Amino acid sequence: MDKDRFIQVLNILEKEFPKWNAPVVSLMAKRDKRTPFQILISTVISLRTKDEITAKASEKLFELADNPHDMLKLSEEEIARAIYPAGFYRNKAKTIKKISEIMVRDYEGNVPDSLEELLKLPGVGRKTANLVLALSFNKPAICVDTHVHRISNRLGFVKTKTPEETEKELMKKVPQKYWNKINDLFVAFGQTICKPVSPLCSKCPVSEMCEKVGVNKSR
DNA sequence: AAAACGGGGGC
DNA sequence: GCCCCAGTTTT
């Protein structure tokens with residue numbers, strides 16, 4: 001699959017899943033009204049967690065604290081309780097607390113806006129850092145989660161083993177103006193149609209361009 | 001009853 | 001590279 005077809009896929013998916021209105025991407029629904037801190041914390045909560053649950057857990061936590069200073073007033077137990085349904089709650093609570101501490105101590109309560117600084121934060125890897133850059137600071141970034149990794153490979157656009165390889169390949173092959181659309185569209189697409197197991201190829205709007213129609217497993 | 005879930009860290 | 005975190009939803 002060449003570059004033009006990949007972009008064609010993005011365009012088709014964009015019609016299928018209009019911006020801010022994707023069927024299940026509720027984490028994104030209010031993101032333009034969220035502060036960078038809220039987006040960062042939501043993204044931490046979202047690790048290995050569906051976005052509807054993420055959205056609910058985030059709202060509950062933000063009722064208690066929506067900035068790093070207030071967050072530090074909460075105990076780990078209180079944070080864990082608020083985000084409990086999202087899973088990995090103890091790890092995430094610790095991470096949220098540490099991040100808040102670092103923001104207050106080193107960044108005057110702000111979220112750093114460079115990839116290097118974000119990656120230094122505990123619990124923040126490439127996926128999280130890139131998503132924060134894209135959503136909080138409107139910077140071009142390709143956020144490669146399991147959906148982006150899987151779908152890019154299924155389409156045959158890349159042949160990679162790790163998300164990091166996928167990120168590099170996509171950055172090479174896709175013009176920058178499309179970078180921020182990829183994650184949005186592939187997550188919506190991946191959760192509803194191009195699912196990891198038993199994808200709904202018969203309902204897929206881009207099956208004609210897919211090299212793996214009828215696959216039954218992840219890649 | 002299993003497997004899967006918008007990863008990341010520790011080893 | 002492997003294993004852990006974890007409850008809820010889906011198959």
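All figures in this text were calculated on a predicted structure; none of them were measured in a lab. Every chain is numbered from 1, with letters handed out A, B, ... down the list of sequences.
A:Thr166 and A:Thr160 share a side-chain donor-acceptor pair at under 3.5 Å. Side-chain N/O atoms of A:Thr162 and A:Glu165 include a donor and acceptor closer than 3.5 Å.
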In sequence, state the C-alpha distance, the side-chain angles, and the governing distance for A:Glu16 and A:Leu185, and then conclude on side-chain contact (heavy atoms from CB on, under 4.5 Å). CA-CA 9 Å; A:Glu16 205 79 12; A:Leu185 296 174; over 6 Å; no
What's the verdict on side-chain contact (heavy atoms from CB on, under 4.5 Å) for A:His149 and A:Asn153, showing C-alpha distance, side-chain angles and the deciding distance? CA-CA 6 Å; A:His149 181 59; A:Asn153 274 285; 3.5 Å; yes
Test log, rule side-chain contact (heavy atoms from CB on, under 4.5 Å), inputs A:Thr43 and A:Ser46: CA-CA 5 Å; A:Thr43 310; A:Ser46 81; 4.3 Å; yes
If you apply the rule side-chain contact (heavy atoms from CB on, under 4.5 Å), what do you find for A:Met71 with A:Ile96, and how did you get there? CA-CA 8 Å; A:Met71 194 64 73; A:Ile96 290 168; 3.8 Å; yes
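Residues A:Lys3 and A:Pro175 share a closest heavy-atom pair of CD-CD, 4.1 Å. Of all non-hydrogen atoms in A:Leu47 and A:Lys92, the two that sit nearest each other are O-NZ, 3.2 Å.
Taking every side-chain heavy atom of A:Arg90 into account, C:dA6 is the closest of B:dC5, B:dG7, C:dA6. In the set B:dG7, C:dT8, B:dA4, C:dT8 carries the atom at the smallest distance from any side-chain atom of A:Tyr84. Counting only heavy atoms from C-beta on, A:Lys50 has its side chain closest to C:dT10 among B:dA4, C:dA6, C:dT10. The side chain of A:Lys195 has C:dT11 as its nearest neighbour among B:dA4, C:dT11, B:dG7. For A:Phe88, whose side chain is taken as the heavy atoms from C-beta onward, the closest listed nucleotide among C:dA6, B:dG7, B:dA4 is C:dA6. Set against C:dA6, B:dA4, B:dG7, the side chain of A:Val197 has B:dA4 as its closest nucleotide.
Taking atom CD on A:Glu167 and atom P on B:dG7, their separation rounds to 14 Å, with Å as the unit. In this structure, A:Ile53 atom CD1 and C:dA6 atom C1' are separated by 11 Å, rounded to whole Å. The nearest whole Å value for the distance from the NZ atom in A:Lys92 to the P atom in B:dC5 is 14 Å. Distance, A:Lys127 NZ to B:dG8 C1': 11 Å, rounded to whole Å. At whole-Å resolution of the value, CD in A:Glu164 and P in B:dG9 are 12 Å apart. Between the CG atom of A:Leu119 and the P atom of B:dG7 there is a distance of 16 Å, rounded to whole Å. For the pair A:Leu47 CG and B:dA4 C1', the interatomic distance rounds to 16 Å; values are reported in whole Å. For A:Tyr89 and C:dC5, the OH to P distance is 11 Å, given to the nearest whole Å.
Residue-level contact check: A:Val148 touches neither bases nor backbone, having no heavy atom under 4.0 Å from any strand. Among the protein residues, A:Phe186 comes within range of no part of the nucleic acid, since none of its heavy atoms lies under 4.0 Å from any strand. At the heavy-atom level, A:Pro122 lies under 4.0 Å from the strands shown only through sugar-phosphate atoms.
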With both pairing distances under 3.5 angstrom for Watson-Crick or G-U wobble, and | for a partner in another strand, the correct string for DNA chain B is |||||.|||||
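Nucleotides B:dG8 and C:dT8 are separated by 23 Å at their P atoms, to the nearest Å. With P as the reference atom, C:dC3 and B:dA3 are 15 Å apart, rounded to whole Å. Distance noted for atom C1' between B:dA2 and C:dA6: 15 Å (whole Å).
When each of A:Glu14, A:Lys15, A:Gln8 is checked for a side chain to side chain contact (heavy atoms under 4.5 Å, CB included) with A:Asn11, only A:Glu14 meets the rule.
Not one side-chain nitrogen or oxygen of A:Thr146 sits closer than 4.0 Å to the OP1 or OP2 atom of B:dC5.
The shortest side-chain heavy-atom distance between A:Phe186 and A:Leu13 falls under the 4.5 Å cut-off.
Residues from residues 95-103 of chain A placing a heavy atom under 4.0 Å of any atom in DNA chain C do not occur.
The number of heavy-atom neighbours closer than 6.0 Å to CG of A:Asp2, taken from other residues, nucleotides and ligands shown, is above 12.
Nucleotides of DNA chain B nearest to A:Leu121 and A:Thr49 differ in position, and the one nearer the 5' end is that of A:Thr49.
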